[in-house]
Amino acid sequence: MVQVTQVRCEYQQNPIGIGEREPRLSWKLEALAGERGVTQSAYEIQVAEDAAFGLKVWESGKVTSDQSIHVETKGLISDACKRYYYRVRVWDRNDLESDWSETSFYETGKLRGDRWQGEWITAPLSQLPADAEQAPLLRKSFALSGPVKQARIYATALGIYELELNGKRVGDSYFAPGWTSYGHILQTQTYDVTGLVAPGDNAIGAWLGNGWYKGYLAWQDQKAVYGDRLALLMELHVEYEDGGRTVIASDGSWTSAPGPIKMAELYHGETYDARDEMNGWSTAAFAETGEWRSVERIERGFDLLTPQINEPVRKIQTLKPVGWLTTPKGETVIDFGQNLVGWVKFSISGAAGSEVSISHAEVLDADGNFYTDNLRSAKQKIRYTMRGEGIETYQPRFTFQGFRYVRLEGFMTPYDPEAFEAVVLHSDMEETGSFACSNPLINQLQSNIRWGLKGNFLDVPTDCPQRDERLGWTGDAQMFVQTAAYLANVAPFFTKWLGDLATDQREDGAVPFVVPHVLDKGSYASAAWGDAAVICPWTIYACYGDKRILESQYESMASWISYIRAQGDQPYLWNTGFHFGDWLGLDAKSGDYVGATDRDLIASAFYAYSVTLMRKTAEVLGRSEDAEAYAELQERVIAAFREEFVTPGGRLSSSTQTGHVLALMFELLDGPSEKRAAKRLKELLETSKHHLTTGFVGTPYISHVLSKHGMLDDAYKLLLQQDLPSWLYPVTKGATTIWEHWDGIKEDGSFWSSEMNSFNHYAYGAIGDWLYRTVAGIQPVESAPGYKKFVVAPQPGGELTWAEGSIETMYGAVRSAWKISGEGRIELEVVVPPNATAEIRLPGAAKAADVEEGGLPLGKAAGVTITETDSGVTLEAGSGTYRFMYAYAKQGVSMATK
């Protein structure tokens, strides 16, 4: 019998503080061991105000449908600040009814447009001037009249904040309320604090920090981009056991004082003087001194407030030192063995007033010395002054660093390795994907890709996490979004970020280079960067079946297309304006950052691609007139591309790897021209001895193009190169993340540059998409998004003897694992989750009669439909685990889908 498991609301299990009045529900099915072809034929949902379902507020009734993800609760109007319970049951294909799922719940927060009783409060200017570096503390004592049934805090800030209630930290998130386009959106958080309050005297406190709101942003020494006054907005809602209610809100009765954080900047670190700690300041027993003054109220509305959309930043893991170094300069350096993002927690003892400091770096220089030149103006330094009372333990609050190495100054010897640990912080996305193979260098590459995501998905998709930048570059995000969607559930993360992209678009549709937009007024509208407005929503839809993101982003997507159409000297080419081109392409002229590929060709190619995705989006949303208009535009743009950039003989005008890759990837050429371009690309690879000359634009696609056009061996040759430039060269140099430059560290140990040389830059990690899609063979299908149907088509090569990939989809686990034995036989294991189907293409299988499944001839396998073609053997399979074995003939041509 089928059972309902992992019931979720808006991607989350038992969420608190959501902002949807009609939330969507999703669930997975669990079948009996060995059962195949399990599907859902109907479902029923009940929503109630109580866990016993005596107070039902919405029922779907029995709905005949196989839909089990993003099921809408149309007509359910959820009230603000309220918990609702829900459960699901289903019927399988034989109309057998499941039990009800375990009872789950969701709880709404303060909804957009709601009035707040709280007021915006801040430290008075007479206490902390607007340009003060010191972080303020805010507090209030209050009394509760009886036993508490439940208590919730609803809060946000201008700046970033942490709350304490009766001396205990509230929640487990960091850098709240997160970074949004603060002029349009400011997220609010909801905290369950029932266990932190009690009858009688209580107290609440808040730390405030500059964060993205008031702190330094970008490399132009700009500060206070959004405002120069930190402020708190908060309400504590208490419900008593007897049914009574009370609200404790931020207002003029609060007090403030300068805290022990003397300086906190995301780029520069934190300075903390423990002598100025006020023990128990957030408890009711604390007696305020003259330092505490009445707060100042500031005028600011509530219209921009919305409940948190994405997962908050949390502590994810900790790492202990793997090595202690004394550098040639005599510096004491800890090696944590992994380039990471977060901070160092340490314990220390010493005399009051003694100061220690920790500096952070990604790499050591060629001589083995601590290297920070690539941080530019970012200081990444922690300073701590001791209070002199036994063992003192410290970790920062309002900063984060990108580092593998830390330099200690002022610490007394001998050092205790157990006194230091690195704390890894990033948005708490559910990890979903795994990949491994027989080549340990590729496995390290895969690890580097994952750590690139972990280090740069800290509330926004940043380009790098260490220097004075750390911005949401749109081009990097769209290049990596598909790989990210294999590694983790990034749907809420991108939903929030794309909302900011839409609000930061100009009225004419131009998309800024970075989102949130904090650069100058001219930093808009480069091809491949602005196309994130279209590519990212479509990718999230394809990977998660999330139709709502297309609906919510449709106007933004269409505006971007309209902007492009208005730019060229004719509406079907984009041949004007500034473009980053093939950024950091290695075929660039000496001293230039931009590769040799014609920028107009790149811009027009992405124009065609975005219009193609726009047509598909309109079709999905049932906008038939728009779909027809975009189909016509697509034809005209492709025709104009061919006229402008393809000679009558079929030769591409820009004879570069990237030029040919884009034309082939986006299907911009006709048959003869396509064949000629594929042939020319192979010649270019042979000329470069199978080394990349591509930059940010061409690299994500080159391997896909090769394997699609019958050049699988060439794709593997590229992958397996170990000298410059290649994906594995940094691995051979000890890299634990993806580098910004192929030659960030040269063969002789010298550096590419100090101006722009990040060692944690995920863009080139887009090769991860090819590892999952081609080596493991797991491919989503656009016509059945969210892995409702998917293709498994592994393409062994490169002397790999085994590879395996898996991804936890909205329907459950998908797995593909193959192994080639010394006897020339291949074993392929495929897992298809319930309520989903797979098209399985058996690599190197000439005839179905030669294949065994589960030890039996394939023809006797349950749950599969077999098709034989000139290309090989293809199966249509329902849910279940399948194990195929047969004599393996190496593939001569690609089996990949378009």
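Side chains are part of it too, since the values below use all heavy atoms of this structure and drop only hydrogens, waters and symmetry mates.
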With sequence neighbours left out, the residues meeting side chain to side chain contact (heavy atoms under 4.5 Å, CB included) with Arg397 are Glu162, Glu164, Trp207, Ile261, Glu270
Of all the heavy-atom pairs spanning Phe302 and Asp114, show the shortest one and how long it is. CB-O, 4.2 Å
Taking side chain as C-beta onward, heavy atoms only, is Leu217 less than 4.5 Å from Tyr226? yes
Measuring only between side-chain heavy atoms, which start at C-beta, is Glu469 closer than 4.5 Å to Arg376? yes
Checking Thr246 side chain against Val238 main chain: does a donor-acceptor pair fall under 3.5 Å? no
Heavy-atom distance under 4.5 Å between the side chains of Thr399 and His268, does that happen here? no
Keeping the roles fixed (side chain from Tyr240, backbone from Ser145), state whether a donor-acceptor pair exists under 3.5 Å. yes
Would you call the rings of Phe457 and Phe493 parallel, tilted or perpendicular, taking 30° and 60° as the class edges? parallel
Of Val295, Thr255, Ile248, which meets side-chain contact (heavy atoms from CB on, under 4.5 Å) against Lys140? Ile248
Could you walk me through whether Leu304 and Arg112 pass side chain to side chain contact (heavy atoms under 4.5 Å, CB included), step by step? CA-CA 7 Å; Leu304 306 182; Arg112 188 151 195 174; 4.3 Å; yes
For atom CZ of Arg229, is the number of surrounding heavy atoms from other residues, nucleotides or ligands below 6.0 Å larger than 12? yes
I'd like to check the salt bridge (Lys or Arg N to Asp or Glu O under 4.0 Å) partners of Asp500; sequence neighbours left out, ordered by chain and number. none
For the residue pair Glu355 and Ser357, confirm or rule out a side-chain donor-acceptor distance under 3.5 Å. no
Trace of the side chain to side chain contact (heavy atoms under 4.5 Å, CB included) decision for Asp221 with Tyr216: CA-CA 7 Å; Asp221 200 33; Tyr216 287 94; 3.3 Å; yes
For Leu408 and Phe420: C-alpha separation, side-chain torsions, deciding distance, then whether side chain to side chain contact (heavy atoms under 4.5 Å, CB included) applies. CA-CA 11 Å; Leu408 306 183; Phe420 298 85; 3.8 Å; yes
Of all the heavy-atom pairs spanning Ser181 and Asp504, show the shortest one and how long it is. OG-OD1, 2.6 Å
Closer than 3.5 angstrom, by distance alone: can the side chain of Ser427 be matched with the main-chain N or O of Pro312 as a donor-acceptor pair? no
Any side-chain to backbone donor/acceptor pair from Glu235 onto Gly118? Under 3.5 Å, distance only. yes
Can a donor-acceptor pair be found between the side chains of Tyr106 and Glu10 at a distance below 3.5 Å? no
Sequence neighbours excluded, which residues qualify as salt bridge (Lys or Arg N to Asp or Glu O under 4.0 Å) partners of Lys496? Asp459
So do the side chains of Leu208 and Tyr213 get within less than 4.5 Å of each other, counting heavy atoms only? no
Once ring pair (Phe, Tyr, Trp, His ring centres under 6.0 Å) is applied, do any residues pair with Trp254, and if so which ones, sequence neighbours excluded? none
For the student: nearest non-hydrogen atoms of Pro23 and Cys9, plus distance: CB-SG, 3.5 Å
Check for a donor-acceptor pair, side chain of Arg21 on one end and backbone N or O of Ser78 on the other, with a separation under 3.5 Å. yes
Would you compute the distance between atom CG of Leu25 and atom OG of Ser104 and round it to the nearest 0.5 angstrom? 9.0 Å
How close do Pro512 and His517 get, heavy atom to heavy atom, and via which atoms? CB-ND1, 3.5 Å
Would you check if the side chain of Lys110 reaches a backbone N or O of Ala155 as a donor-acceptor pair within less than 3.5 Å? no
Could you check if a side-chain atom of Ile204 sits within less than 4.5 angstrom of a side-chain atom of Ile153, using non-hydrogen atoms only? yes
Between Thr108 (side chain) and Lys82 (backbone), is there a donor-acceptor pair under 3.5 Å? yes
Atom CD of Glu296 and atom CD1 of Ile121: how far apart are they, to the nearest 0.5 Å? 11.0 Å
Report yes or no: do Thr190 and Glu107 form a side-chain donor-acceptor pair below 3.5 Å? no
How many angstroms lie between CD1 in Ile549 and CD1 in Ile540, if you round to the nearest 0.5 Å? 5.5 Å
Tell me, with the steps shown, if Leu233 and Glu119 meet side chain to side chain contact (heavy atoms under 4.5 Å, CB included). CA-CA 6 Å; Leu233 176 67; Glu119 299 174 289; 5.6 Å; no
Please verify the inter-ring angle class for Phe513 with Trp473; under 30° counts as parallel, over 60° as perpendicular, anything in between as tilted. parallel
For Lys320, does the NZ atom sit with more than 12 other heavy atoms under 6.0 Å from it, leaving out its own atoms? yes
Side chains of Val406 and Trp343: does their closest heavy-atom pair fall under 4.5 Å? no
Can a donor-acceptor pair be found, under 3.5 Å and without considering hydrogens, that links the side chain of Asn456 to the backbone of Asn760? yes
May I ask you to test the Leu158-Ile298 pair for a side-chain heavy-atom distance under 4.5 Å? yes
Nearest 0.5 angstrom please: Asp428 CG to Asn489 CG, how far? 11.0 Å
Other residues, nucleotides, ligands: >12 heavy atoms within 6.0 Å of Lys315 NZ: yes
Could you work out, with ring pair (Phe, Tyr, Trp, His ring centres under 6.0 Å) as the rule, every residue matching His426, not counting sequence neighbours? none
Say you draw a straight line from CD of Gln317 to CG of Leu340; how long is it, rounded to the nearest 0.5 Å? 8.5 Å
Glu421: partners by side chain to side chain donor-acceptor pair (under 3.5 Å), with sequence neighbours left out: none
Does NZ or CZ of Arg169 lie under 6.0 Å from the centre of the six-membered ring of Tyr174, at an angle within 45° of the ring axis? yes
N/O donor-acceptor pair under 3.5 Å between Thr156 side chain and Gln187 backbone: yes
I'd like to know if Asp273 and Lys262 make a salt bridge, using a cut-off of under 4.0 Å between side-chain N and carboxylate O. no
Salt bridge or not between Glu133 and Lys223? Use side-chain N to carboxylate O under 4.0 Å. yes
Nearest 0.5 Å, what's the OG-CD distance between Ser141 and Glu288? 6.5 Å
Check the surroundings of atom CD in Glu555: do more than 12 heavy atoms from other residues, nucleotides or ligands lie under 6.0 Å from it? no
Using a 3.5 Å distance criterion without hydrogens, assess whether the side chain of Ser256 forms a donor-acceptor pair with backbone atoms of Leu138. no
Taking atom CG as the centre, does Asp303 end up with more than 12 heavy-atom neighbours from other residues, nucleotides or ligands that are less than 6.0 angstrom away? no
Before we go on, tell me: are the rings of Tyr384 and Tyr394 under 6.0 Å apart, centre to centre? yes
Heavy-atom distance under 4.5 Å between the side chains of Ile160 and Trp212, does that happen here? yes
